Amino acid sequence: MDGKVVVVTSGKGGVGKTTVTSSLGAALALQGKRVAVVDMDIGLRNLDVIMGLENRIVFNVVDVVQGRCKLKQAMIKDRRINNLYLIPASQSDEKNVIQPENMKWLCNRLKKEFDFTLLDCPAGIEQGFKNSIEAADEAIVVCMPEISSVRDADRVIGLLYSRSITPKLVVNRIIPKMVEKGDMLSHKDVVEVLSIDLIGLVEMDESVVVSSNTGLPIVMQKESKAGRAFMQIAMRMNGHPDLPVEDPMAPKSFWKKLGGKISRKNKVH
């Protein structure tokens, strides 16, 4: 049975799309799946940096589709996580060097070998976006709880539906205190506007910065709220769609609150 190709997109840049792609790739691999993550941002690659694999690049996705190397030569195996592979973007080619038919050919090959192929889609809705959605079976739209991000996501969702791809939503970088004050949209506002199924809520987490700088997958950081959220999203992708979405705005239980007070008292003394 062939694997799935999932495009991770947003429309707007700077919403954490690459972090979402790398984190979900790591989480799915930790859950026993064979996973390929492909950087589709020709000329501006950074998925390799976030995964800590930038020093091991020899060939890239453009080399593969243009026949300059074999597919396996361009795959970089993650040293920390079994069954996780990166195919990096080219840093020197023009964005239009790859065409949709090239991606169809590549993804058909990847589907034979991997359970999941995740495509890190570049920002915008131009050539890189068209290439990424050409071969996609499913889509994850990453959106921050900001009006401009929601507007761009809405545009992308319309384009995905026009290609018969049903998207699912990840609301990223939620700051509960700002939501409580009314300074940030709630995830319920975002879902109401976009009207697509929610697959995950990710709270703003400083450990994401640490992960990006060190190359240590955030899903391997036990205390990370974002890491836990990504593991749960991966489970929903991986045969558990009914797993409840953990709400960062949900009130803490009495015991958690009490535990927090006790730990603060201990620090004072």
Side-chain angles (χ1 to χ4, degrees), residues 3-28 35-48 50-51 61 86-89 95-96 98-100 102-104 106-107 110-111 114 116-174 187 190-191 193-202 208 226 229-230 233-234 236-237:
K4 292 179 182 176
V5 176
V6 182
V7 61
V8 181
T9 184
S10 66
K12 180 181 173 62
V15 300
K17 186 167 62 271
T18 299
T19 297
V20 171
T21 305
S22 61
S23 300
L24 292 180
L28 286 163
V35 183
V37 290
V38 185
D39 192 340
M40 293 301 299
D41 201 352
I42 309 299
L44 292 170
R45 72 180 181 213
N46 57 18
L47 185 55
D48 56 305
I50 286 181
M51 293 178 70
V61 66
L86 165 70
I87 301 176
K95 292 185 181 293
N96 61 359
I98 293 181
Q99 294 299 311
N102 300 137
M103 284 309 299
K104 215 166 191 177
L106 176 62
C107 288
L110 290 169
K111 285 167 80 168
F114 293 95
F116 287 92
T117 297
L118 306 184
L119 306 180
D120 184 18
C121 185
I125 54 173
E126 297 170 353
Q127 190 64 48
F129 173 77
K130 291 173 185 175
N131 291 339
S132 300
I133 66 171
E134 176 65 27
D137 302 306
E138 299 176 3
I140 290 176
V141 174
V142 182
C143 181
M144 287 172 57
E146 298 174 358
I147 291 171
S148 62
S149 181
V150 172
R151 183 179 61 189
D152 288 344
D154 189 48
R155 171 76 171 129
V156 163
I157 288 164
L159 293 171
L160 290 167
Y161 274 126
S162 73
R163 297 302 302 268
S164 301
I165 300 171
T166 303
K168 291 192 170 120
L169 177 67
V170 168
V171 183
N172 196 30
R173 295 179 180 167
I174 299 166
H187 76 269
V190 177
V191 171
V193 171
L194 298 179
S195 299
I196 62 172
D197 288 341
L198 180 70
I199 196 172
L201 301 173
V202 184
V208 172
F230 286 127
I233 295 168
R236 293 182 196 104
M237 295 170 67

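Keep in mind that what you see is a predicted model, and the values were worked out from it rather than measured. In this chain, residues are counted from 1 in sequence order.
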Might you point out which heavy atoms bring [X] and [Y] nearest each other, and give the distance in Å?
X      : Y      : answer
Cys121 : Gly128 : SG-O, 4.3 Å
Asn172 : Val15  : ND2-O, 2.8 Å
Leu159 : Phe129 : CD1-CE2, 3.8 Å
Gln127 : Gln99  : NE2-OE1, 3.8 Å
Met103 : Ala135 : O-CB, 3.7 Å

Could you please spell out the steps behind the side-chain contact (heavy atoms from CB on, under 4.5 Å) verdict for Leu169 and Cys143? CA-CA 7 Å; Leu169 177 67; Cys143 181; 3.9 Å; yes
Does anything in residues 123-137 pair up under salt bridge (Lys or Arg N to Asp or Glu O under 4.0 Å), and if so which pairs, sequence neighbours excluded?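 Sorted result for residues 123-137: Lys104-Glu134, Lys111-Asp137, Glu134-Arg163.
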Could you tell me if the side chain of [Y] sits less than 4.5 Å from the side chain of [X], heavy atoms only?
X      : Y      : result
Val202 : Arg173 : no
Ile140 : Val7   : no
Val142 : Thr9   : no
Ser132 : Pro122 : yes
Val38  : Leu118 : no
Asp41  : Asp120 : no
Lys168 : Arg236 : no
Thr166 : Glu138 : no

Distance in Å, [X] [atom1] paired with [Y] [atom2], rounded so as to fall on 0.5 Å steps:
X      : Y      : atom1 : atom2 : result
Asn46  : Asp48  : CG    : CG    : 7.0 Å
Ser162 : Ile157 : OG    : CD1   : 12.0 Å
Leu119 : Asn131 : CG    : CG    : 10.0 Å
Lys17  : Ser10  : NZ    : OG    : 3.5 Å
Ile165 : Leu160 : CD1   : CG    : 5.5 Å
Asp152 : Ile147 : CG    : CD1   : 12.0 Å

side-chain contact (heavy atoms from CB on, under 4.5 Å), that's the test. Do Ile196 and Tyr161 meet it? Break it down for me. CA-CA 11 Å; Ile196 62 172; Tyr161 274 126; 3.6 Å; yes
Test side-chain contact (heavy atoms from CB on, under 4.5 Å) applied to Val5 and Phe116, step by step: CA-CA 6 Å; Val5 176; Phe116 287 92; over 6 Å; no
Between Val8, Asp39, Leu47, Val37, which is the residue that forms a side chain to side chain contact (heavy atoms under 4.5 Å, CB included) with Thr18?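 Result: among Val8, Asp39, Leu47, Val37, Leu47 is the only option passing the side chain to side chain contact (heavy atoms under 4.5 Å, CB included) with Thr18.
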Is it the case that more than 12 heavy atoms not belonging to Lys95 sit under 6.0 Å from its NZ atom?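 Atom NZ in Lys95 is crowded, with more than 12 foreign heavy atoms closer than 6.0 Å.
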Can Met144 and Val171 be said to form a side-chain contact (heavy atoms from CB on, under 4.5 Å), step by step? CA-CA 6 Å; Met144 287 172 57; Val171 183; over 6 Å; no
Hey, does the side chain of Ser149 reach the backbone of Glu146 with a donor-acceptor pair shorter than 3.5 angstrom?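 It does not hold such a pair.
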